[in-house]
Amino acid sequence: MADPTILTTAADSTLPFDDAVSGAVLEATPNGLVVAADKLLELATYLRDQQGYDYLSMVTSVDWPPYFEVVYYLYGVAKPKDLLVLKVRLPDKVNSVVPSLISIWPGADLQEREVYDMMGIRFAGHPNLRRILLWDGFQGWPLRKDYKESYYEEDTKPFKSRHPDGKHLWAEDRVPWKDNITYPVAWDPDLFTQPTVQYRKIMGVDAGGNGDGKDLKTERVLINMGPQHPSTHGVFRMVVAVEGEQVVGLEPEIGYLHRCHEKIGERNTYIMNIPFTDRLDYITSMSNNLGYVLAVEKLMGLEAPERADYIRVIMAEFTRIISHFIAVGFLFNDLGAYFTPALYGLRERELILDLFEAAAGSRMMCNYMRFGGVFADLPAGWVERARDLVWNRLPRVMEQFEDLLAGNEIFLARARGVGHLSAAEAIAYSMAGPMLRASGVPYDIRKVQPYSIYDRFEFDVCCRPEGDVWARFRVRMDEIYQSLRILKQALDGLPEGPIMPPGKRQYQIRVPAGEAYSRIEGPKGELGFYVVSDGKPNPYRYHVRAPTFINLTSLEKMCVGHKIADSVVILGAIDIVLGEVDR
Amino acid sequence: MVNLSDSAEGPEGLKKNVFLTTIDNVYNWGRVRSMWPMAFGLACCAIEFMAMMAARFDLSRFGMEIIRASPRQADLMFVSGTVTKKMAPNIVRLYNQMAEPKYVLAVGACAISGGPFKEGYNVVSGIDKFLPVDVYVPGCPPTPEALLYGVMKVHEKVMGQSVRTAPWYKRDQLNEPLPMPVLGPDLYNPKDRDALKKLTAAKVEHG
Ligand code: SF4
């Protein structure tokens, strides 16, 4: 895997960018540039405008004992090989503030809120800094190292306390509350009133109004959709401000499926995290496995044998087909074609799941990949079944889809020109995957920075200039053809050989200290895993860059000006999966 | 159900055309064949729920293909997935909004106990802390076959109920809505009020 260049101190020991923004970079480490907090905005502007780093891929934070570190991953769409990592260190752990980058990259919006929610780091200048995954009023900052959840046992697994005398102890029996809860001392439920959220931003309060919309000609009304709503694909909730039927503001309200993936991941050993990654985006478990094992393999300096690499690609591409079938099917669901297209998609999904079940033992939560390879070899007859699907069945099904859906007049009328996002906006909002490509940016990580063995296959990057819902549908359909193309090459070229590196399989792997970020082109976009190791058996920091979470940032931008019924379609075209959005 | 022809008495012509049964039997049979589930997907298990509805497993064989988005029209709630603290009040509200008779099916390890995510700070250790659950289907996720089996268990339960004793037909036994949990510093279940006050008070005394 070709590693992107990370700028480090040059031999002449001058700090990078010092001539342009002097004093901004304090130190150049192999893992990124340490930046002074007060110069961050200036440096970021310079990097975006002069250096071409226009794509803010990920914002996260690490709680080191002496300081908090906010980590920014920057790429340039035009120069994808260059990665720039910025780090801001905040020694003041009680009152830690960094400037918000939202004015430079609007895509930082939700991510900064997540950092605030999880670590308690505040972002100066952020217009709507409040909890995002948890609720307002929650006690504590969960990803800080000193935060202990109610069922806390030990810092790292495997826990010694589970079977004291060979008998299982219920978690409920170990805590005073007999449940997964903790209350602050002397909290009185009788005196408590729940805080209400004002939605000041979308109601235009700070823009001079008084919140009731009285200063406007028409009345502005808040409409709540979700978390139980048939069009929200799970427990997503959006609060929409409307004037008449026109959307004038929108705020995604998420976290209803926040399952503490990262906190649990930091207690787990490395290998225990693989089944948890299955449950991120639960439709594409194989891709999630792949992203995670690649990140850890990068830290360990491990390479998978050739056969394993091929199997991984085959599984990942099948997963992409499933995901796109479901995305397309449910997009039509949202348009009112109640369930028929989705049924067609689910029907094909079953056939692919049969293949997964034969190889991995489980239909949905495959838990198939391991560090250095895959867990089991393909059973006899598997390849033939896969070939039959790829050469015969799926192309026929695609024809059917094209006939029935692609030219449908109602669909065209409702999808064309809806939810428009220009190329520049898509980049600024850190959109990824089909969303980015449907806005005319030919950016596919499999091509621009090939991982695994994707550099061996011939395929095209599907891209459409329109930037609307129709283009997103079209890109997904076209990607299924490309996936089939890759699958044909991979199934033809599948070599014999081992599926794991030689040596005994290890349960407790040794991961050297360091940090790694690996990104793959998941079906829904750039799926990144950021793993920091301190040499212990479990990751020190584990963060998932979830593509659909970040794609939601632009939801308001896309919806404003359209009718409220269109916002459902626009949301459907993002193809969110809540397991990944909320983690 | 008994066909009259099985017993000796009665005119010949009627024997083949008259059936004797109980009201309960016919009534419950009707309810079982038209049980409308609520479209309520929480997490991964909901995907298997969809697979169960789709072509291969085909829930409509049970007359259950009408998935209602509104709790008012639903008879059966599949709690399919991880119940988080943030979501718990909404689930209780939806349950309260369902009309009697109503049934709850807990799908998967998460809805039963918290499952793989049990230790998480935002995860409820099983929906039965808040709702009465009729059938539990274990698995992570349960296969669609297992879900179908769970559905049939609900049917069995329904078949065993009687119009005479069912509480929802008695005026004085109408169910009170369940108390809604509150999102305070942590999830607070009003049911625990007294125990909670005792514990927090004790903590204050001992510093
Ligand atoms: S039981 Fe397993 S599959 Fe079901 S919601 Fe929980 S984690 Fe997902």
Side-chain angles (χ1 to χ4, degrees), chain A residues 133-135 137-140 142 147 149-153 171-172 176-190 192 194 227-230 233-235 255-261 263-264 267 275-276 278-279 282-283 339 342-343 346-347 349-350 353 363-365 578-579 582, chain B residues 38-48 50-51 53-57 65 67 69 71 81-82 84-87 90-91 93-94 110 114 116-125 129 140-141 143-144 182-190 192-193 195-197 199-204 207:
Chain A
L133 297 178
L134 295 158
W135 60 90
F138 181 85
Q139 264 246 320
Y147 178 86
E149 57 272 47
S150 321
Y151 282 166
Y152 172 80
E153 290 178 51
E172 279 91 339
W177 316 96
K178 306 276 176 234
D179 203 350
N180 188 9
I181 37 181
T182 345
Y183 297 100
V185 171
W187 182 69
D188 191 343
D190 299 344
F192 175 75
Q194 225 170 334
Q228 151 68 6
H229 191 279
H233 298 231
V235 285
Y256 292 94
L257 191 53
H258 177 51
R259 302 193 276 198
C260 327
H261 186 88
K263 188 74 179 178
I264 294 178
R267 302 243 188 268
F276 279 89
D278 284 337
R279 286 152 181 83
Y282 29 75
I283 292 170
F339 241 102
L343 277 181
L346 286 170
R347 185 188 64 189
R349 173 176 179 264
E350 287 292 334
L353 289 192
R363 279 159 53 86
M364 232 177 101
M365 304 303 180
L578 268 297
D582 295 345
Chain B
M38 183 157 77
F40 181 53
L42 285 175
C44 352
C45 281
I47 306 294
E48 284 302 59
M50 281 173 355
M53 279 167 31
R56 183 183 281 180
F57 298 97
E65 75 276 29
I67 310 292
T82 318
T84 60
K85 291 180 182 171
K86 198 170 175 179
M87 191 63 191
N90 298 303
I91 299 178
R93 174 175 297 160
L94 285 168
C110 282
F117 297 96
K118 176 160 186 165
E119 64 205 277
Y121 46 85
N122 191 27
V123 176
V124 172
S125 306
K129 307 236 178 218
C140 183
T143 55
V182 180
L183 289 175
D186 208 324
L187 189 68
Y188 161 63
N189 190 349
D192 301 338
R193 180 180 168 273
L196 173 69
K197 287 204 112 171
L199 268 168
T200 38
K203 268 204 176 170
V204 178

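Every heavy atom of this structure was used, including side-chain atoms; hydrogens, water molecules and symmetry mates were not. Just so it is clear: chains get the letters A, B, ... in the order the sequence lines come, proteins before strands, and each one is counted from 1.
- Residue A:Y152 does not touch chain B at all, counting heavy-atom pairs closer than 4.5 Å.
- Taking 4.5 Å as the limit, some side-chain heavy atom of A:R279 sits within range of a side-chain heavy atom of B:C140.
- Listed options A:L353, A:L134, A:D582, A:L346 were ranked by heavy-atom pairs under 4.5 angstrom with chain B; first place goes to A:L134.
- Heavy-atom distances place both the backbone and the side chain of A:R259 under 4.5 Å from chain B.
- Contact count against chain A (heavy-atom pairs under 4.5 Å) is highest for B:A43 among B:A69, B:S125, B:A43.
- Aromatic pair B:Y121/A:Y151: ring centres not closer than 6.0 Å.
- Interface check for chain A: of the options B:V123, B:T143, B:V124, the most heavy-atom pairs under 4.5 Å are formed by B:V123.
- Between B:E119 and A:I264, some side-chain heavy-atom pair lies under the 4.5 Å cut-off.
- Residues A:F138 and B:K85 form no side-chain contact, since every pair of their non-hydrogen atoms from C-beta on lies 4.5 Å or further apart.
- Heavy-atom pairs under 4.5 Å with chain B were tallied for A:R349, A:H261, A:R347, A:K263; the largest tally goes to A:R349.
- Taking 4.5 Å as the limit, some side-chain heavy atom of A:W135 sits within range of a side-chain heavy atom of B:N122.
- For B:K118, the parts sitting under 4.5 Å from any heavy atom of chain A are the backbone and the side chain alike.
- In terms of heavy-atom pairs under 4.5 angstrom with chain B, the leader among A:Q139, A:E149, A:R363 is A:R363.
- A:L257 is not listed as a side-chain neighbour of B:M87, based on a closest heavy-atom distance of 4.5 Å or more.
- Proximity to chain A is limited to the side chain of B:M38, based on heavy atoms less than 4.5 angstrom apart.
- Without hydrogens or angle criteria, B:T84 side chain to A:H258 main chain gives no donor-acceptor distance under 3.5 Å.
- Smallest separation of non-hydrogen atoms from B:A55 and A:L343: N-CD2, 4.0 Å.
- B:L94 touches chain A through its side chain: at least one heavy atom from C-beta onward sits under 4.5 Å away, while N, CA, C and O do not.
- Between A:M364 and B:E48, some side-chain heavy-atom pair lies under the 4.5 Å cut-off.
- The candidate from A:M365, A:E350, A:R267 with the greatest count of non-hydrogen atom pairs under 4.5 Å with chain B is A:E350.
- When heavy atoms are compared at a cutoff of 4.5 Å, A:I283 approaches chain B solely by way of its side chain, counted from C-beta outward.
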